[in-house]
Student: 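First the structure, then my questions, so here it is.
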Amino acid sequence: MNNIQLFAAILKYLVIAVIAGIAGYIVRKVFAEATIKSAEDEAARIVQDAEREAESQKREALVEAREEIHKLRSELDREARERRSELQQLERRVIQREETLDRKSESLERKEESLQRKTRETEQLQAEVSTILEKQRSELERLAQMTTEEAREYILKTVEGEIKHETAIMIRDIEAQARDEAEKRARDIISLAVQRTAADHVAESTVSVVTLPNDDMKGRIIGREGRNIRALETLTGIDLIIDDTPEAVILSGFDPVRREIARIALEKLIADGRIHPARIEEMVEKARKEVDGVIRDAGEQATFETNVHGLHPELIKLLGRLRFRTSYGQNVLRHSIEVAHLAGIMAAELGVDARLARRAGLLHDIGKAVDHEIEGTHIEIGIDQLRRYKENEEVIHAVACHHGDYEPHSVEAVLVAAADSISAARPGARRETLESYIKRLQKLEEIASSFEGVEKSYAIQAGREVRIMVKPDKIDDALAVQLSRDIVKRIEAELEYPGQIKVTVIRETRAVEYAK
């Protein structure tokens, strides 16, 4: 019984489960169909909305397109109106210019007609004037009872007689003036005829010799890898020649001042025994100061020899610098002293101012002391220097006239010119070749120093080499190469020289500090 009830219960549950499954299937199917229907409706709605939105956007796009077309059409119309306005203005201008040209053309035609009329009137007037002149000439010939040729001859004879009379008066006045100036002219003639005076003369050279205590000193002067001799040559601009000559070093250079500085510095270094670049620089500076003292002493000695006093201290220094200046191989300071003596002697013999003549003779070449530093001839430079230091105007006039650049107005000026010629014309007093050589070396240094960034330049090796020290802050290594090429081109263009010239550009940077 229990098994039957159990089976019945199980069967009941199975039937219920089947029914529940069928019912669930039916419910799910109905729900799915409802969902599908709802989705289809939603899709239809979305499509309709999209169609309505598209239609709306289409209408808006059409409206915007119509507005854009309307706007473009308005702009085109406006531009067309502006163009038409511009064309109308241009047309008006063209019409105005045509009218102006027409008026000008009419004016020119009227002026041309007026000019032709005036030309015809002028020709008629000229014809009338010619007729009147011919009538007047005929009337004058009738009244004067002579022809035109006879009248011309009469006038020429009258003028010739007057000219002869005036010429005679002029000759008489000139003779009277010549008699008044006879004494002065006689003095000038006598001064020009003064016999030439003999004087000692020492030829200047371009080398100096420094004696060494022994041959071992040559190696110390050269230094390790030649640094000492290079430093000395760089600082002085003088070439040191160390050859087989026993116990001697030759200093070669065209500038006597530099050569003297190098000689003194080398002698001091030899005496001191310590030879290295720093010591060389110190000794060269001391030598420069010593040479400045020598220059001052030379100027004072020259004034003492010539008995010329009261000179400005700067003029005395300029005189001292002439000791290291030559003119055609003749020492300019000795030449100036000689001219002062000659001019003073001639002035005393002629009874004029001997003191003035000596002073002008001593100062006549003062411009040569700085003619390598200032533009102009040594006469113009000398005049400027003398006026700067308040020298007597009569002395300045004599200095200005000593080469004939100015007309002399005093006997002393003539005497100075004569004394200068006497001193320069003595046999052996001057040598043209040495002066040309010195000028070539000076020109070589001037060319090198004219470039931007050059600090110092020295012509050495008898002009076969020029060494140039540049400012390291302005010239770098690349510019140094370019500078050497530019200098070479300038030398080739402006100088005439035998062989070749070596151009060496030196760029040195120093850093100096002191330990305290």
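Excluded from the calculations below are hydrogen atoms, water molecules and symmetry mates; all remaining heavy atoms, backbone and side chain alike, are included.
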Student: Going by salt bridge (Lys or Arg N to Asp or Glu O under 4.0 Å), name the residues that satisfy it together with Asp272, two or more places apart in sequence or in a different chain.
Tutor: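 With sequence neighbours excluded, Asp272 shows a salt bridge (Lys or Arg N to Asp or Glu O under 4.0 Å) to Arg274, Arg279, given in chain and number order.
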
Student: How long is the span from the CD atom in Glu290 to the CG atom in Asp292, to the nearest 0.5 Å?
Tutor: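 Taking CD in Glu290 and CG in Asp292, the distance rounds to 10.0 Å.
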
Student: What distance do Phe451 atom CZ and Leu479 atom CG have between them, rounded to the nearest 0.5 Å?
Tutor: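 One gets 13.0 Å once the value is rounded to the nearest 0.5 Å.
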
Student: Can you measure from OG1 (Thr504) to CD1 (Ile460) and round to the nearest 0.5 angstrom?
Tutor: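 Between Thr504 OG1 and Ile460 CD1, I get 7.0 Å after rounding to 0.5 Å.
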
Student: Counting only N and O atoms by type, is there a donor-acceptor contact under 3.5 Å from the side chain of Asn214 to the main-chain atoms of Met217?
Tutor: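 It does hold such a pair.
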
Student: Return yes if some donor-acceptor pair links the side-chain N/O of His364 with the main-chain N/O of Gly361 below 3.5 Å, else return no.
Tutor: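 Yes.
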
Student: List in chain and number order the residues that pass side-chain contact (heavy atoms from CB on, under 4.5 Å) with Ile250, two or more places apart in sequence or in another chain; answer none if no residue qualifies.
Tutor: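 side-chain contact (heavy atoms from CB on, under 4.5 Å) list for Ile250, sorted by chain: Val207, Val209, Ile241, Asp243.
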
Student: Hey, could you give me the NZ/CD distance between Lys118 and Glu121, rounded to the nearest 0.5 Å?
Tutor: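 Between atom NZ of Lys118 and atom CD of Glu121 there are 8.5 Å.
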
Student: Can you name the residues that form a side-chain hydrogen bond (donor to acceptor under 3.5 Å, both in side chains) with Glu492, not counting sequence neighbours?
Tutor: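 So Glu492 forms no side-chain hydrogen bond (donor to acceptor under 3.5 Å, both in side chains) with any residue.
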
Student: With the threshold set at 4.0 Å, does a side-chain nitrogen-carboxylate oxygen contact exist between Lys289 and Glu285?
Tutor: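 Between Glu285 and Lys289 there is no salt bridge, as every charged N stays at least 4.0 Å from the carboxylate O atoms.
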
Student: Assess whether side chain to side chain contact (heavy atoms under 4.5 Å, CB included) is satisfied between Glu260 and Val294, documenting all intermediate values.
Tutor: CA-CA 10 Å; Glu260 183 69 9; Val294 170; 5.8 Å; no

Student: My understanding is that only residues two or more places apart in sequence, or in another chain, count here; which of them pass side-chain contact (heavy atoms from CB on, under 4.5 Å) with Thr119?
Tutor: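 For Thr119, the residues satisfying side-chain contact (heavy atoms from CB on, under 4.5 Å) (neighbours in sequence not counted) are Leu115, Glu123.
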
Student: What pairs of residues pass the side-chain hydrogen bond (donor to acceptor under 3.5 Å, both in side chains) test when at least one of them lies in residues 351-361, not counting sequence neighbours?
Tutor: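 Sorted result for residues 351-361: Arg359-Glu391.
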
Student: I'd like to check the salt bridge (Lys or Arg N to Asp or Glu O under 4.0 Å) partners of Glu380; sequence neighbours left out, ordered by chain and number.
Tutor: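 Per chain and number, Glu380 pairs via salt bridge (Lys or Arg N to Asp or Glu O under 4.0 Å) with no residue.
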
Student: Do Ile383 and Tyr406 come close enough that some side-chain heavy atom pair is under 4.5 Å?
Tutor: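 In contact.
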
Student: Are Glu300 and Leu319 side-chain neighbours, meaning at least one heavy-atom pair lies under 4.5 Å?
Tutor: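 With C-beta onward as the side chain, the pair stays apart.
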
Student: Could you list the donor-acceptor pairs under 3.5 angstrom formed by side chains in residues 393-404, with sequence neighbours left out?
Tutor:
{"from": "His397", "atom 1": "NE2", "to": "His409", "atom 2": "N", "distance (Å)": "2.9"}
{"from": "His402", "atom 1": "ND1", "to": "Val399", "atom 2": "O", "distance (Å)": "2.6"}
{"from": "His402", "atom 1": "NE2", "to": "Asp365", "atom 2": "OD1", "distance (Å)": "3.4"}

Student: Are Leu251 and Thr236 packed together at the side-chain level, in the sense that at least one heavy-atom pair is separated by less than 4.5 angstrom?
Tutor: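 The answer is no; the side chains never approach within 4.5 Å.
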
Student: Side-chain donor-acceptor pairs under 3.5 Å in residues 226-235, sequence neighbours left out?
Tutor:
{"from": "Asn228", "atom 1": "ND2", "to": "Arg220", "atom 2": "O", "distance (Å)": "2.9"}
{"from": "Asn228", "atom 1": "ND2", "to": "Ile275", "atom 2": "O", "distance (Å)": "3.3"}
{"from": "Arg230", "atom 1": "NH1", "to": "Glu225", "atom 2": "O", "distance (Å)": "2.7"}
{"from": "Arg230", "atom 1": "NH2", "to": "Glu225", "atom 2": "O", "distance (Å)": "3.4"}
{"from": "Glu233", "atom 1": "OE1", "to": "Arg467", "atom 2": "NH1", "distance (Å)": "2.7"}
{"from": "Glu233", "atom 1": "OE1", "to": "Arg467", "atom 2": "NH2", "distance (Å)": "3.4"}
{"from": "Glu233", "atom 1": "OE2", "to": "Leu240", "atom 2": "N", "distance (Å)": "3.1"}
{"from": "Thr234", "atom 1": "OG1", "to": "Arg230", "atom 2": "O", "distance (Å)": "2.7"}

Student: Quick one: side-chain hydrogen bond (donor to acceptor under 3.5 Å, both in side chains) partners of Glu134, sequence neighbours excluded?
Tutor: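 Here the qualifying residues are Arg137.
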
Student: State the CG-CG distance between Asn392 and Leu356, to the nearest 0.5 angstrom.
Tutor: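 Spacing of CG (Asn392) from CG (Leu356) equals 6.5 Å.
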
Student: Is Ser457 reaching over with its side chain to a backbone N or O of Glu445, donor-acceptor style, under 3.5 angstrom?
Tutor: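 Yes, because the side chain of Ser457 sits within donor-acceptor range (under 3.5 Å) of the backbone of Glu445.
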
Student: Is any side-chain heavy atom of Met469 closer than 4.5 Å to one of Ile506?
Tutor: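 Contact flag for Ile506/Met469 side chains = yes.
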
Student: Nearest 0.5 Å, what's the CD1-CG distance between Ile280 and Leu269?
Tutor: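 Between atom CD1 of Ile280 and atom CG of Leu269 there are 5.5 Å.
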
Student: Which residues pass the salt bridge (Lys or Arg N to Asp or Glu O under 4.0 Å) test with Arg485, not counting sequence neighbours?
Tutor: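 With neighbours one apart ignored, the set is empty.
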
Student: Ignoring hydrogens and angles, write down the donor-acceptor pairs under 3.5 Å from the side chains of residues 309-318, residues two or more places apart or on other chains.
Tutor:
{"from": "His309", "atom 1": "NE2", "to": "Asn307", "atom 2": "OD1", "distance (Å)": "2.8"}
{"from": "His312", "atom 1": "ND1", "to": "Glu314", "atom 2": "N", "distance (Å)": "3.0"}

Student: Just to verify, what does Lys286 make a salt bridge (Lys or Arg N to Asp or Glu O under 4.0 Å) with, not counting sequence neighbours?
Tutor: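 Per chain and number, Lys286 pairs via salt bridge (Lys or Arg N to Asp or Glu O under 4.0 Å) with Glu282.
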
